[in-house]
Amino acid sequence: SDKEELKKPRKKSASVCGFPISIFFIVVNEFCERFSYYGMRAVLVLYFKYFLGWDDDLSTTIYHTFVALCYLTPILGAIVADSWLGKFKTIVYLSIVYALGQVVLAVSAIHDITDTNKDGNPDNMTFHVALSMVGLLLIALGTGGIKPCVAAFGGDQFEDHQEKQRGTFFSIFYLSINAGSLLSTVITPILRAQECGIHTQRECYPLAFGVPAALMVVALIVFIIGSGMYNKTAPQGNIMVKVCKCVGFAVKNRFRHRSSQYPKREHWMDWADEKYDKLLIAQVKMVLKVLFLYIPLPMFWALFDQQVISFLFTLSTYPVVIFNITNYGLKTQPDQMQTVNPILILVLVPIMDSMVYPLIAKCNLNFSPLKRMTVGMFLAAMAFVSAGLVQLQIDETLPKFPTGNDGQVKFINMINGGPLNVVAGVNEFTLQPFDANQDYLTFAEPFNLKIGSGPGETVDLLDASRNTIVINGNMLFFHLQFQDITAKPEKGSNSIRFLNGFNSVLNVSVGSQSFGDIITNNMSKYVDIPQGEAKFHIMDTTGNECVYTLMLGFGSSFTLIIPSTFAFGENCANNVRTVVDIQPNSVHMALQIPQYFLITAGEVVFSVTGLEFSYSQAPSNMKSVLQAGWLLTVAVGNIVVLIVAEAATLEDQWAEYILFASLLVFVCIVFAIMAYFYTYTDPVKIEAQFAIIEPEEKEKNRRESLEMARRDSVKHRNADRRGSRSSFQEQKGRETKM
């Protein structure tokens with residue numbers, strides 16, 4: 001039985017360098033599981049946006065809902081582990097569910113399943129959405145369910161005197177998490193960028209999700225292999241139900257005795273001692289004290305998880321959001337940039353453990369766990385302040401796109417002759433042949449346009465539009481109006497188009513992409529081209545070819561002019577003119593190093609310490625429950641992101657960062673005050689005290705019960721004697737009367 005199991009002495013596990021061998025299986029298992037989780041999560045948002053076709057808002061909502069669910073289900077896993085199955089079986093069973101969810105998600109990303117017309121796009125999107133949601137639900141149940149058990153199970157492998165080794169284990173455990181995260185966020189984006197498909201090739205999401213699924217299977221196998229070496233603590237009954245009933249009884253009993261005639265008790269939980277034993281009440285007190293301390297913590301995770309989703313959309317659209325070590329001169333997949341965080345963690349965790357903390361200790365400074373967590377929260381707030389400052393710098397380089405009733409226009413002179421004078425509204429300027437004015441002009445109303453000596457005319461622009469007016473003709477000037485793009489190109493690509501002023505139809509291509517046939521005095525469509533050297537092949541109807549080379553940065557847009565003076569030949573490329581519609585990104589990525597360093601340093605100081613603190617302050621039968629409570633703060637943090645993002649309608653991104661930073665600073669102050677009044681406990685000593693006290697109390701209660709029973713027995717015998725004497729006297733009286 002469970003009680004008999006608990007009475008058995010702990011199994012002496014083989015050790016290496018003072019550490020049980022069993023923890024190495026646990027660390028490897030955690031590495032593989034985190035590779036699986038973060039690898040899937042690295043491409044999840046892009047899967048929502050580009051495969052399922054969801055917009056940014058819906059993708060953000062589903063993403064944060066999924067993450068919140070992943071950190072809500074630990075409560076369920078903790079209850080199952082501590083109450084029924086034990087940590088080992090809970091990890092095994094829910095890992096199977098986890099792996100199944102990863103497989104289902106990978107299958108949902110196979111577009112060929114419903115691509116009946118073989119165009120590369122699923123024809124039954126409902127099927128893919130439903131399958132992916134089922135997969136994500138299974139993953140959330142699996143990863144959340146095992147999350148509180150693995151760390152606590154690792155802590156169970158140590159003896160009570162191995163407190164130092166246990167602390168080192170939690171640091172190694174956190175390193176394994178980030179090592180898995182690092183490799184997965186490098187590898188899975190590369191896999192996603194590959195093209196695969198039976199009929200039509202497209203980004204390979206099945207492979208990007210399939211490899212994490214395989215790693216989850218490996219994690220399960222590794223964990224099972226170490227089964228014979230583990231110290232397995234048997235579950236101690238439905239502890240969560242006991243705790244809830246105990247708390248409920250204490251509240252109800254306190255309410256019933258709220259009158260001033262009843263003496264006060266030291267703690268409100270002491271009102272439960274009429275029904276529950278003192279050990280359980282003491283354990284509940286320890287748990288509630290820590291959970292109360294967790295109340296401010298979700299704000300840290302709100303900031304930390306917000307930067308993940310924002311980062312991905314930053315790189316897939318344009319650089320205006322937090323933590324965008326964007327594609328400013330950097331050749332990378334946007335989702336690969338998430339590797340910066342785990343790289344810094346792998347560097348900072350050993351530095352903190354082996355240098356910073358020992359140095360602080362030598363200076364006789366009391367840098368307690370709660371003080372570390374306070375510092376971590378403050379560092380995260382400073383990261384967002386840094387991000388806000390960088391955002392202001394980025395905003396200055398972004399094009400001002402038209403909004404509302406405004407329209408913008410740029411002019412290109414395609415006349416081969418002298419300079420051309422142009423008057424547009426109140427703006428007057430001169431255009432050289434085959435050139436354009438540098439900046440777009442903005443008009444809220446129709447404006448008068450006068451070209452050279454020609455008559456003026458009224459031009460009305462569409463609301464919130466960008467336009468290019470091409471001026472052509474000889475003696476009689478005429479112009480053509482074309483629509484320009486009104487947003488930064490996505491994924492850091494460059495939007496390029498050609499204006500054909502040549503006296504022949506031209507066909508332009510770059511790599512596998514084609515601009516199509518461009519007739520004279522007409523503009524081609526925009527084609528998105530990645531960063532790097534682009535070679536444009538220009539051909540006429542007779543087969544003449546010219547190769548024009550242009551070095552492209554990130555996020556730019558150009559109109560390439562082929563003038564009427566263009567001629568095929570050796571120097572043909574010199575005749576092509578370039579007009580900049582949107583400048584390439586120019587903010588240096590080094591400006592964003594401080595915010596990455598600050599948020600990662602904050603995570604190391606806050607999260608690693610929080611894991612160890614949660615374990616050290618938890619009673620022996622509630623380790624997983626308190627770990628789940630710690631993870632619950634992450635879930636609430638993701639919910640906070642959704643609420644604040646919806647409630648705070650701030651137009652400027654930098655203002656939103658400062659808002660989040662201000663909220664975290666306020667919460668940090670509240671937490672520091674709460675931590676100041678917190679008293680650290682040693683659950684082992686407290687439980688040991690009750691183990692000594694309770695037998696004495698039971699013996700005392702037994703003696704009191706025996707004494708009361710003896711007194712009751714004497715009382716009953718005396719009553720019987722008095723009753724017998726009274727009956728005898730009554731009988732004698734009746735005989736006398738007769």
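Note that the structure is a prediction, hence the values are computed from the model and not measured.
- Residue-environment remark: NZ (Lys252) stays at or below the threshold of 12 foreign heavy atoms within 6.0 Å.
- Here the shortest heavy-atom pairing between Met299 and Leu663 reads CE-CB, 3.6 Å.
- Arg258 contributes a side-chain N or O that, together with a main-chain N or O of Phe255, makes up a donor-acceptor pair within less than 3.5 Å.
- Side-chain atoms of Gln157 come within 3.5 Å of backbone atoms of Asn231 as a donor-acceptor pair (strictly under, hydrogens ignored).
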Working for ring pair (Phe, Tyr, Trp, His ring centres under 6.0 Å), residues Trp268 and Phe249: CA-CA 11 Å; Trp268 63 271; Phe249 180 80; over 10 Å; no
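- A donor-acceptor distance shorter than 3.5 angstrom exists from the side chain of Ser184 to the backbone of Gly39, with no hydrogens or angles considered.
- Between the side chain of Ser36 and the main chain of Pro212, a donor-acceptor pair closer than 3.5 Å is present.
- The minimum heavy-atom distance between Leu346 and Ala179, with the atom names listed, is CD2-N, 3.9 Å.
- In terms of modelled atom types and a separation under 3.5 Å, the side chain of Gln102 and the main chain of Met216 share no donor-acceptor contact.
- Thr609 places a side-chain N or O within donor-acceptor distance of the main-chain N or O of Val605, the cut-off being under 3.5 Å.
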I would like to know whether Met674 and Phe292 meet side-chain contact (heavy atoms from CB on, under 4.5 Å); could you show each step before the answer? CA-CA 9 Å; Met674 295 170 65; Phe292 176 73; 3.5 Å; yes
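- Closest approach of Leu293 and Leu297 over heavy atoms only: O-CG, 4.1 Å.
- Side-chain contact check for Ser176 and Glu30: no donor-acceptor pair (N or O, by modelled atom type) lies under 3.5 Å.
- For the residue pair Ala140 and Thr73, the shortest heavy atom distance occurs at O-OG1, 2.8 Å.
- Within the 3.5 Å criterion, the main-chain N or O of Glu612 finds a donor-acceptor partner in the side chain of Ser616.
- Within a 6.0 Å sphere centred on CZ of Phe66, heavy atoms belonging to other residues, nucleotides or ligands number more than 12.
- The CD1 atom of Ile139 sits 4.5 Å away from atom CE of Met40, with the distance rounded to the nearest 0.5 Å.
- Neither side chain, Arg41 nor Thr143, offers a donor N or O lying under 3.5 Å from an acceptor on the other.
- Inspection of the Glu33 and Tyr38 side chains reveals no N or O donor paired with an N or O acceptor under 3.5 Å.
- Taking CG of Leu85 as the start and CD1 of Ile91 as the end, the distance is 11.0 Å to the nearest 0.5 Å.
- Ring planes of Trp271 and His257: parallel class, angle under 30° (limits at 30 and 60°).
- Using a 30° and 60° split on the angle between ring planes, Phe613 and Tyr680 fall in the perpendicular class, above 60°.
- A perpendicular orientation is assigned to the rings of Phe304 and Trp301, their planes being inclined by more than 60° (bins at 30° and 60°).
- Under the 6.0 Å distance and 45° angle rule, Arg166 does not count as a cation-pi partner of Phe19.
- Heavy atoms only, all atoms of each residue included: Ile599 and Ala380 are closest at CD1-CB, 3.8 Å.
- One N or O on the side chain of Asp277 and one on the backbone of Leu280 form a donor-acceptor pair closer than 3.5 Å.
- Here Arg265 pairs with Glu274 in a salt bridge; the nearest charged N to carboxylate O distance falls below 4.0 Å.
- Both tests hold for Lys147 against Tyr37: distance to the six-membered ring centre under 6.0 Å, angle to the ring axis within 45°.
- Taken to the nearest 0.5 Å, the CD1 atom of Ile360 stands 7.5 Å off from the OH atom of Tyr357.
- Under 3.5 Å, the side chains of Tyr294 and Ser614 contain a donor-acceptor pair of N or O atoms.
- Of the residues Phe25, Tyr98, Phe153, Phe31, the one that meets the ring pair (Phe, Tyr, Trp, His ring centres under 6.0 Å) test with Phe223 is Phe153.
- When all heavy atoms of Ala81 and Thr90 are compared, the pair lying nearest together is CA-OG1, 3.3 Å.
- Judged by a 6.0 Å distance limit and a 45° cone about the ring axis, Lys232 is positioned over the six-membered ring of Phe88.
- Atom NZ of Lys285 has more than 12 heavy atoms from other residues, nucleotides or ligands within 6.0 Å.
- A salt bridge does not link Asp270 with Lys278: none of the charged nitrogens is closer than 4.0 Å to a carboxylate oxygen.
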